[in-house]
Amino acid sequence: MSPSSRNALAGASVVAIFAAAVIRLWVASMTFAADTEEWALTVLAARDIRAGHWIATLPGGLRAGPLESVVLTVIGLPFSESSVLAVWPILATASVAAVVWALARTRLAGPWPLVAAALAVIHPASATLSAARPSAGETVTVVIGLAMLVLVERPSAQPPWWTLGLLLGLGWWQSDRIVLFAIPVCVALIASGRLPSGGSALKLGAWTAVGASPWLIRALIGEGGGGLPSPPEEWGAALRSQWPDLWGRLIGASSPVDATPLIPLGVTIALIISAAMVLAASLVLARRPRARFATLLLLPVTAIAALVSDLDPLLTTALLAAPSALLIVVAVSVLPDQHRASAAIVVLAVCTLTTSLTARTLADAPVDRDDPDALAETLESAGVTAAYSDDSTALFLELSRPGIASSTVVYPDDRRDAVAREARRAAHVFWIPGDPERAAAVRDRLNAIAGPVEEFTVGAYLAVVPIVNVPPESVGP
């Protein structure tokens, strides 16, 4: 490859990485359209840590550690919360790009590690968009898992066992999805004859326990540490229902929100392109052992995982971003040397375009509910300091106004529940389109128990405030 081609390819890769950060900033600015319960819980956990509360898992009973919340807290110490959340897309883009670059650099030379890094952050569109905001440790899990693979991809070097163990432990604390990364790690160690023994095995096990110690302590004291996801009721149901749409998400031909096709025959085109990439990569891998990344095993491992658990589509695309990027780079190398740079630049341009167009669709995408910020402002003005809800409405009220403690049925949290029950004025909040009959029934019960009640109707929300704090268990089902 000529020096000019190398420079052009490196420049295109840098532009793609910059575009990924800009797109994520754009998505993060889409107010309530980009809000998820996982994002709300991550931010609330960061507030808890900053206030001095020790938490082993995210509030709400999720099988997710608070590492992303810890990152928000540490980085946010000299800054405001809003400032940290504003730069999160840049942090997520930079961290994923850096670890994929290091991963690709173990076996590739020249500008190709930078190309792989660019593809991993700009493609697929669903993964790029889902990392626009912190979300229950999704980005942290991917970074930890890929960092483990960086340590074992060099076939001739012994990995630092303490580092590998610490990363594995932290990954298990954060999410059981780290198992999907641990499988390629084990295969790489077995294939290269580098399994730990004796002191190395003890060191690996000890540091794994150190990293996972918050999860272990929580499990040992009987509070439940969580485990591997339960299998679906019908084996293969997730594969049949989810994966046809997932291919469209992977190639950017379907919306990341609901998998609605964005272009005619998008899923079919995605399957054809994916099959061509796999075939080309297979030809290269058969002839060039050096290109046999253990990371590529994430593709079949994740596919098999769909048979034994219901993987979330957005999380799945995030897991597949790095191996897909490496697969594309390996597939491009089947071309003649003089055409590789131009082909890679075309791929980068197409990925950037599809992700940009997909992000544009989010601006008009329907949301599950209305933004409760106006309701939060009304309740705060009325002196309400706690909110009860069957759904996640109370979470978003606390997110908008930290002075309103939340207590929800779907995401129970002992500390928050206790704070809410000690409040002088507490509101029962309902999203009316969700269950109007229950909203009316609870309002009537509250009026009979502790009336007269105050009612606030703001948009599609109803808030009922009795004269005394009446917890949900006192109202009845």
Side-chain angles (χ1 to χ4, degrees), residues 31-48 50-51 53 55 58-62 81-82 367-477:
T31 60
F32 199 62
D35 292 359
T36 64
E37 285 83 357
E38 290 79 7
W39 171 70
L41 291 168
T42 302
V43 176
L44 291 178
R47 291 179 184 172
D48 292 344
R50 180 175 289 194
H53 300 290
I55 57 174
L58 287 185
L62 294 183
E81 178 184 279
S82 59
V367 294
D368 292 337
R369 60 180 64 250
D370 302 281
D371 190 343
D373 184 65
L375 175 63
E377 183 178 359
T378 299
L379 293 179
E380 187 179 53
S381 300
V384 172
T385 57
Y388 301 113
S389 69
D390 293 338
D391 54 20
S392 59
T393 301
L395 283 180
F396 289 107
L397 292 177
E398 182 177 355
L399 189 68
S400 178
R401 297 294 188 278
I404 300 178
S406 64
S407 178
T408 71
V409 174
V410 290
Y411 296 106
D413 180 62
D414 292 342
R415 191 187 67 80
R416 281 185 165 76
D417 292 343
V419 172
R421 282 154 177 75
E422 293 175 359
R424 188 180 66 84
R425 281 174 61 80
H428 291 254
V429 183
F430 306 92
W431 185 56
I432 300 173
D435 193 347
E437 291 80 10
R438 173 163 174 75
V442 173
R443 177 194 59 199
D444 294 340
R445 290 178 198 162
L446 288 171
N447 205 35
I449 295 172
V453 299
E454 293 183 69
E455 293 186 34
F456 301 91
T457 303
V458 181
Y461 291 99
L462 169 66
V464 182
V465 184
I467 57 176
V468 295
N469 189 334
V470 181
E473 59 268 21
S474 299
V475 179

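What's counted below: heavy atoms across the whole structure, side chains too, no hydrogens, waters or symmetry copies. Computed from a predicted model, the values in this text were never measured in an experiment.
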Problem set entry | Audit row: Arg424, Thr385, side chain to side chain contact (heavy atoms under 4.5 Å, CB included) steps and yes/no | CA-CA 7 Å; Arg424 188 180 66 84; Thr385 57; 5.5 Å; no

Exercise. Considering residues at least two apart in sequence or located in another chain, which fulfil the side-chain hydrogen bond (donor to acceptor under 3.5 Å, both in side chains) criterion with Glu437?
Worked result: none

For this session: Start with the C-alpha gap between Leu375 and Arg401, add the side-chain angles, then the distance that decides, and say whether side chain to side chain contact (heavy atoms under 4.5 Å, CB included) holds.
Result: CA-CA 10 Å; Leu375 175 63; Arg401 297 294 188 278; over 6 Å; no

Exercise. So do Arg445 and Val453 actually touch side chain to side chain, heavy atoms under 4.5 Å?
Worked result: no

Exercise. Between Val442 and Val464, does a side chain to side chain contact (heavy atoms under 4.5 Å, CB included) hold up when you go through it step by step?
Worked result: CA-CA 9 Å; Val442 173; Val464 182; over 6 Å; no

Seminar exercise, completed: In this structure, CZ of Phe396 is separated from CG of Asp391 (nearest 0.5 Å) by 9.5 Å

Problem set entry | Nearest-0.5 Å distance, CG of residue Leu379 to OH of residue Tyr461 | 11.5 Å

Problem set entry | ring-ring contact (aromatic ring centres under 6.0 Å, His included) partners of Tyr388, counting only residues at least two apart | His428

Problem set entry | With Glu454 via salt bridge (Lys or Arg N to Asp or Glu O under 4.0 Å) - residues at least two apart | Arg425

Problem set entry | Residue list, side chain to side chain contact (heavy atoms under 4.5 Å, CB included) with Ala394, at least two apart or on another chain | Ala387, Ser389, Ser406, Thr408

Problem set entry | Residue list, side chain to side chain contact (heavy atoms under 4.5 Å, CB included) with Thr378, at least two apart or on another chain | Phe456, Val458

Problem set entry | Results of salt bridge (Lys or Arg N to Asp or Glu O under 4.0 Å) for Asp48 - residues two or more places apart only | Arg415, Arg416

Problem set entry | Value rounded to 0.5 Å, distance of CD1 in Ile467 from CD1 in Ile449 | 11.5 Å

